[in-house]
Amino acid sequence: MVRLEIVAPGNWRLGLKVSESQKRFVSDDMRLLARAYAYRESRSNAYIIYDDDVPVGMALYYDCDELNAFDFSQIFIDERYQGKGFGSEAAQQILKIMESDGKYDKVVLCYIDGNEAAKNMYEKLGFYLTGECDEDEIIMEKVLR
């Protein structure tokens, strides 16, 4: 069963990583944590994704006042646990948390051009392409509620 746990002093040193071929698409766990710290004044929320008691990935979102939206900054599943639906289930749970928060009614995210697995997952979750890009990052949005 997939569950989320806020990153805390006792659970952040897990050594989760993506495969070598995915490193150009996804930041590692330490960069995710650095981003969470950098956006701490924007209510950043960094999560460990668990399958029961086994840590399988991480995710991060924070407030983006400029876009009047949540920024679903990153989600990744460790290379050992990919292809089992953990990312999709965790993303659904995070979207429910955002919706219940109620601060915004929109979520934005970016994926790196060429990361078809991410694009497909986000589209299945109801995200749509905005037609906008930021260099090699393709921007998607989802309306909550």
Side-chain angles (χ1 to χ4, degrees), residues 1-8 10-40 42-64 67 69-145:
M1 179 175 171
V2 174
R3 65 181 180 86
L4 304 173
E5 191 173 299
I6 291 285
V7 171
N11 70 359
W12 66 275
R13 291 183 181 196
L14 298 172
L16 297 169
K17 61 183 179 174
V18 295
S19 68
E20 196 63 39
S21 65
Q22 293 174 316
K23 286 186 177 180
R24 73 181 201 99
F25 298 128
V26 182
S27 296
D28 62 21
D29 56 351
M30 291 301 126
R31 289 183 72 190
L32 181 146
L33 293 172
R35 183 173 286 160
Y37 180 79
Y39 285 93
R40 68 192 178 280
S42 296
R43 298 189 324 145
S44 64
N45 290 276
Y47 293 97
I48 306 294
I49 302 165
Y50 288 90
D51 176 30
D52 291 322
D53 291 328
V54 177
V56 298
M58 295 180 78
L60 170 67
Y61 79 90
Y62 48 84
D63 292 353
C64 183
L67 299 176
F70 294 107
D71 186 330
F72 199 163
S73 176
Q74 187 173 340
I75 185 167
F76 77 87
I77 301 298
D78 184 278
E79 64 184 334
R80 298 167 291 174
Y81 305 106
Q82 293 181 2
K84 299 178 183 197
F86 298 139
S88 180
E89 175 61 31
Q92 288 176 47
Q93 290 182 28
I94 290 167
L95 290 167
K96 286 179 186 174
I97 292 168
M98 292 175 188
E99 190 169 347
S100 69
D101 177 293
K103 183 169 182 181
Y104 305 111
D105 62 359
K106 180 172 71 172
V107 180
V108 297
L109 59 76
C110 300
Y111 72 93
I112 304 293
D113 190 24
N115 189 350
E116 292 303 309
K119 177 186 177 196
N120 292 336
M121 181 183 81
Y122 296 139
E123 286 178 336
K124 287 178 185 172
L125 291 168
F127 284 87
Y128 57 89
L129 296 168
T130 65
E132 298 176 42
C133 297
D134 183 7
E135 296 181 15
D136 65 344
E137 295 185 358
I138 299 169
I139 300 170
M140 299 183 88
E141 290 183 356
K142 175 182 174 69
V143 176
L144 297 173
R145 293 178 227 150

Item checked: Taking every non-hydrogen atom, the tightest pair across L4 and A90 -> CD2-CB, 4.0 Å

Next item on the list: Please report the closest heavy-atom contact between Y50 and P55, naming both atoms and the distance.
Entry: CD2-N, 3.5 Å

Check: With E79, which residues qualify under side-chain hydrogen bond (donor to acceptor under 3.5 Å, both in side chains), at least two apart?
Finding: none

Show every donor-acceptor pair shorter than 3.5 Å between a side-chain atom in residues 15-22 and any protein atom, with sequence neighbours excluded, or say none if there are none.
residue: S19; atom: OG; partner: S21; partner atom: OG; Å: 3.1
residue: S19; atom: OG; partner: Q22; partner atom: OE1; Å: 3.2
residue: E20; atom: OE1; partner: K23; partner atom: NZ; Å: 3.3
residue: Q22; atom: OE1; partner: S19; partner atom: N; Å: 3.3
residue: Q22; atom: OE1; partner: Q82; partner atom: NE2; Å: 2.8
residue: Q22; atom: NE2; partner: Q82; partner atom: OE1; Å: 3.0

Notebook entry, point to check: Do I48 and V7 touch side chain to side chain, with heavy atoms closer than 4.5 Å?
Noted result: yes

Please tabulate, for the side chains in residues 126-136, all donor-acceptor contacts under 3.5 angstrom to protein atoms that are two or more places apart in sequence or on a different chain.
residue: Y128; atom: OH; partner: E141; partner atom: OE1; Å: 3.0
residue: T130; atom: OG1; partner: E132; partner atom: N; Å: 3.1
residue: T130; atom: OG1; partner: I139; partner atom: O; Å: 3.2

Note to self: Rounded to the nearest 0.5 Å, what separates atom CG in N45 from atom CG in D101?
What the structure shows: 8.0 Å

Next item on the list: Using side-chain hydrogen bond (donor to acceptor under 3.5 Å, both in side chains) as the criterion, list what pairs up with K103, not counting sequence neighbours.
Entry: D63

Next item on the list: Sequence neighbours left out, what passes salt bridge (Lys or Arg N to Asp or Glu O under 4.0 Å) with D71? Give chain and number order.
Entry: none

Ignoring hydrogens and angles, write down the donor-acceptor pairs under 3.5 Å from the side chains of residues 24-31, residues two or more places apart or on other chains.
residue: D28; atom: OD1; partner: M30; partner atom: N; Å: 3.2
residue: D28; atom: OD1; partner: R31; partner atom: N; Å: 2.8

Notebook entry, point to check: Could you give all pairs that pass the salt bridge (Lys or Arg N to Asp or Glu O under 4.0 Å) test and reach residues 49-58, with sequence neighbours left out?
Noted result: R3-D53

Margin query: Checking D105 now: which residues fulfil salt bridge (Lys or Arg N to Asp or Glu O under 4.0 Å) with it, not counting sequence neighbours?
Written below: none

Notebook entry, point to check: Nearest 0.5 Å, what's the OH-CG distance between Y61 and L95?
Noted result: 10.0 Å

Item checked: Pairs meeting criterion ring pair (Phe, Tyr, Trp, His ring centres under 6.0 Å) with involvement of residues 78-105, two or more places apart -> F70-Y104

Margin query: I'd like to check the salt bridge (Lys or Arg N to Asp or Glu O under 4.0 Å) partners of E99; sequence neighbours left out, ordered by chain and number.
Written below: none

Next item on the list: Could you tell me which residues satisfy side-chain hydrogen bond (donor to acceptor under 3.5 Å, both in side chains) with S88, sequence neighbours excluded, listed by chain and number?
Entry: Q92

Check: How far apart are the closest heavy atoms of V107 and M98, and which atoms are they?
Finding: CG2-SD, 3.5 Å

Item checked: Euclidean distance, Y47 OH relative to I94 CD1, rounded to 0.5 Å -> 6.5 Å

Run the side-chain donor-acceptor check on residues 108-123: report pairs under 3.5 Å with partners two or more places apart or on a different chain.
residue: N115; atom: OD1; partner: A118; partner atom: N; Å: 3.2
residue: N120; atom: ND2; partner: E116; partner atom: O; Å: 3.2

Notebook entry, point to check: Looking at CD of E5 and CD1 of I49, how far apart are the two atoms once the value is rounded to the nearest 0.5 Å?
Noted result: 12.0 Å

Next item on the list: Please report the closest heavy-atom contact between A36 and S44, naming both atoms and the distance.
Entry: O-OG, 2.6 Å

